[in-house]
Asker: 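First, the structure itself, so that you have it in front of you.
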Amino acid sequence: MRAWVRMPSGKRLDLLNPTPFDWDDADLALGLARTYRWGGHTAWPLPLSVAQHSISVMLLRRAAAPAGAPLAPVIELRELLHDAEEGLLGFDAVSPLKPFLGDGFRALTRRLEQTVFLRYGLPAWTPAEHERHKRADRLAAASEAVHVAGWSAKEVRDTLRIRAAVLQDDPLAAVYDCRPWEPWKPAVAAERFLAALESLQQRIDAQERLTDEKNPHAS
């Protein structure tokens with residue numbers, strides 16, 4: 001039985017035994033840009049991609065960092081890649097469906113998430129870091145629900161059970177000079193996600209080189 005999927009690059013992702021070499025960065029960016037939140041249902045002509053959501057969460061997490069203590073690039077990268085396994089699968093399950101997917105699907109997504117962390121050298125979540133991440137993720141979700149998916153603020157609280165505030169200002173608008181809350185075209189989302197990914201990887205590499213230069217005899 002075939003248990004792998006073909007990536008746009010031609011690489012094969014083995015879903016049962018994934019390795020960090022089964023995709024390239026452009027594959028991931030495109031997969032996330034073509035994977036949609038809210039079941040693909042929005043009040044806009046286009047659906048909202050997981051790629052766009054991921055950039056939003058990263059920016060919100062960056063903005064929430066204490067003054068004078070910016071996030072390390074690897075922590076920002078972890079925020080950017082927090083839903084990366086969804087892009088590899090091409091599937092973001094809506095919340096009402098998740099209880100019915102079973103242990104097998106949860107194990108599959110967990111393996112993919114672990115492989116993503118290994119490929120990109122991401123540190124494991126600590127409980128405190130994960131809670132800070134979830135605050136940013138819930139803030140993005142509540143705001144998307146109202147401005148993108150068409151829910152009311154009351155429905156966000158009472159039906160979706162999201163207790164986060166609803167932002168009025170889109171965190172992406174100031175960075176990309178885009179129309180607030182409008183879903184991007186897949187090609188645009190892929191390009192912007194890939195650029196953010198590569199920029200953070202370059203910052204991490206530069207930081208590591210600087211550390212090596214300061215500590216040339218470190219083992």
Side-chain angles (χ1 to χ4, degrees), residues 7-11 13 18-35 49-88 111-137 139-140 167 169-178 184-219:
M7 297 284 101
S9 64
K11 293 186 177 184
L13 171 63
T19 79
F21 311 106
D22 289 355
W23 71 92
D24 63 25
D25 292 345
D27 291 330
L28 177 60
L30 190 59
L32 286 167
R34 292 175 174 175
T35 302
S49 72
V50 178
Q52 186 171 347
H53 164 79
S54 299
I55 298 173
S56 292
V57 172
M58 181 196 69
L59 292 175
L60 289 170
R61 182 73 178 84
R62 179 189 291 172
L71 294 182
V74 72
I75 301 304
E76 290 195 8
L77 183 60
R78 186 174 60 188
E79 295 294 338
L80 183 69
L81 294 171
H82 75 275
D83 281 336
E85 74 282 355
E86 294 174 2
L88 297 175
R111 282 194 300 270
L112 287 173
E113 181 182 36
Q114 291 169 348
T115 306
V116 167
F117 272 53
L118 180 60
R119 175 187 172 108
Y120 294 100
L122 304 178
W125 299 102
T126 67
E129 288 171 339
H130 194 255
E131 177 54 34
R132 286 190 284 270
H133 157 70
K134 292 304 294 183
R135 283 199 292 268
D137 201 23
L139 185 58
L167 295 172
D169 295 329
D170 182 354
L172 297 170
V175 176
Y176 295 99
D177 192 27
C178 55
W184 299 336
K185 294 179 180 179
V188 173
E191 179 183 3
R192 289 173 175 171
F193 182 92
L194 183 59
L197 175 60
E198 292 176 342
S199 175
L200 286 170
Q201 289 176 314
Q202 290 167 6
R203 288 173 56 197
I204 291 168
D205 291 343
Q207 190 176 64
E208 290 176 348
R209 286 195 301 271
L210 183 61
T211 300
D212 291 342
E213 290 170 1
K214 290 181 176 179
N215 302 282
H217 301 298
S219 58

Asker: If you round to the nearest 0.5 Å, how far is CD of Gln202 from CD1 of Ile204?
Answerer: 10.5 Å

Asker: For the atom pair NE2 (His130) and CZ (Arg132), what is the distance rounded to the nearest 0.5 Å?
Answerer: 12.0 Å

Asker: Do the non-hydrogen side-chain atoms of Leu88 and Val116 ever get within less than 4.5 Å of each other?
Answerer: yes

Asker: Working to the nearest 0.5 angstrom, can you tell me the gap between Met58 CE and Leu172 CG?
Answerer: 9.0 Å

Asker: Evaluate the side-chain proximity of Phe117 to Leu81: yes if any heavy-atom separation is below 4.5 Å, no if none is.
Answerer: no

Asker: Would you please name every residue forming a salt bridge (Lys or Arg N to Asp or Glu O under 4.0 Å) with Asp137, sequence neighbours left out?
Answerer: Lys134

Asker: Determine, stepwise, if the pair Trp23 / Thr115 fulfils side chain to side chain contact (heavy atoms under 4.5 Å, CB included).
Answerer: CA-CA 11 Å; Trp23 71 92; Thr115 306; 3.9 Å; yes

Asker: Checking side-chain polar atoms at under 3.5 Å, does Asp83 have a donor or acceptor matched by the opposite partner on Ser54?
Answerer: no

Asker: Going by side-chain contact (heavy atoms from CB on, under 4.5 Å), name the residues that satisfy it together with Ala189, two or more places apart in sequence or in a different chain.
Answerer: Ala33, Ser49, Ala51, Trp184

Asker: Could you pull out all residues at least two apart from Glu191 that satisfy side-chain contact (heavy atoms from CB on, under 4.5 Å)?
Answerer: none

Asker: Nearest 0.5 Å please: distance from the OG atom of Ser56 over to the CG atom of Asp170.
Answerer: 6.0 Å

Asker: Identify, with sequence neighbours excluded, every residue that meets side-chain hydrogen bond (donor to acceptor under 3.5 Å, both in side chains) alongside Asp25.
Answerer: Arg119, Tyr120

Asker: Once side-chain contact (heavy atoms from CB on, under 4.5 Å) is applied, do any residues pair with Ala63, and if so which ones, sequence neighbours excluded?
Answerer: none

Asker: Hey, does Gln201 have a side-chain heavy atom less than 4.5 Å from the side chain of Leu197?
Answerer: yes

Asker: Would you name the heavy atoms of Leu13 and Pro18 that are closest together and state the gap between them?
Answerer: CD1-CB, 4.1 Å

Asker: Does a sphere of radius 6.0 Å around NZ in Lys185 hold more than 12 heavy atoms from other residues, nucleotides or ligands, not counting ones at 6.0 Å or beyond?
Answerer: no

Asker: Before you tell me yes or no, could you show the steps for Ile55 and Tyr176 under side chain to side chain contact (heavy atoms under 4.5 Å, CB included), namely the whole-Å CA-CA distance, both residues' side-chain angles and the distance that decides it to 0.1 Å?
Answerer: CA-CA 11 Å; Ile55 298 173; Tyr176 295 99; 3.7 Å; yes

Asker: Of all residues at least two apart in sequence or in a different chain, which pass the ring-ring contact (aromatic ring centres under 6.0 Å, His included) check with Phe21?
Answerer: none

Asker: Starting at CG of Asp27, measure out to CG of Asp22 and round the result to the nearest 0.5 Å.
Answerer: 10.0 Å

Asker: Under the salt bridge (Lys or Arg N to Asp or Glu O under 4.0 Å) rule, collect the residues that match up with Glu85, sequence neighbours excluded.
Answerer: none

Asker: Could you measure the distance from the CG atom of Leu60 to the CZ atom of Arg135? Nearest 0.5 Å is fine.
Answerer: 12.5 Å

Asker: Please list every donor-acceptor pair under 3.5 Å in which a side-chain atom of residues 67-76 meets a protein atom from a residue at least two apart or in another chain.
Answerer:
| unit_1 | atom_1 | unit_2 | atom_2 | d |
| --- | --- | --- | --- | --- |
| Glu76 | OE1 | Arg62 | NE | 3.2 |
| Glu76 | OE1 | Arg62 | NH2 | 2.7 |
| Glu76 | OE1 | Arg203 | NH1 | 3.4 |
| Glu76 | OE2 | Arg62 | NE | 3.0 |

Asker: I'd like to check the salt bridge (Lys or Arg N to Asp or Glu O under 4.0 Å) partners of Glu129; sequence neighbours left out, ordered by chain and number.
Answerer: Arg78

Asker: Are Lys11 and Asp24 packed together at the side-chain level, in the sense that at least one heavy-atom pair is separated by less than 4.5 angstrom?
Answerer: yes

Asker: Kindly write out the residues that satisfy side-chain contact (heavy atoms from CB on, under 4.5 Å) with Ala124, not counting sequence neighbours, or none if the list is empty.
Answerer: none

Asker: Taking only residues two or more places apart in sequence or in another chain, which ones pass ring-ring contact (aromatic ring centres under 6.0 Å, His included) with His82?
Answerer: His53, His133

Asker: Once side-chain hydrogen bond (donor to acceptor under 3.5 Å, both in side chains) is applied, do any residues pair with Arg111, and if so which ones, sequence neighbours excluded?
Answerer: none

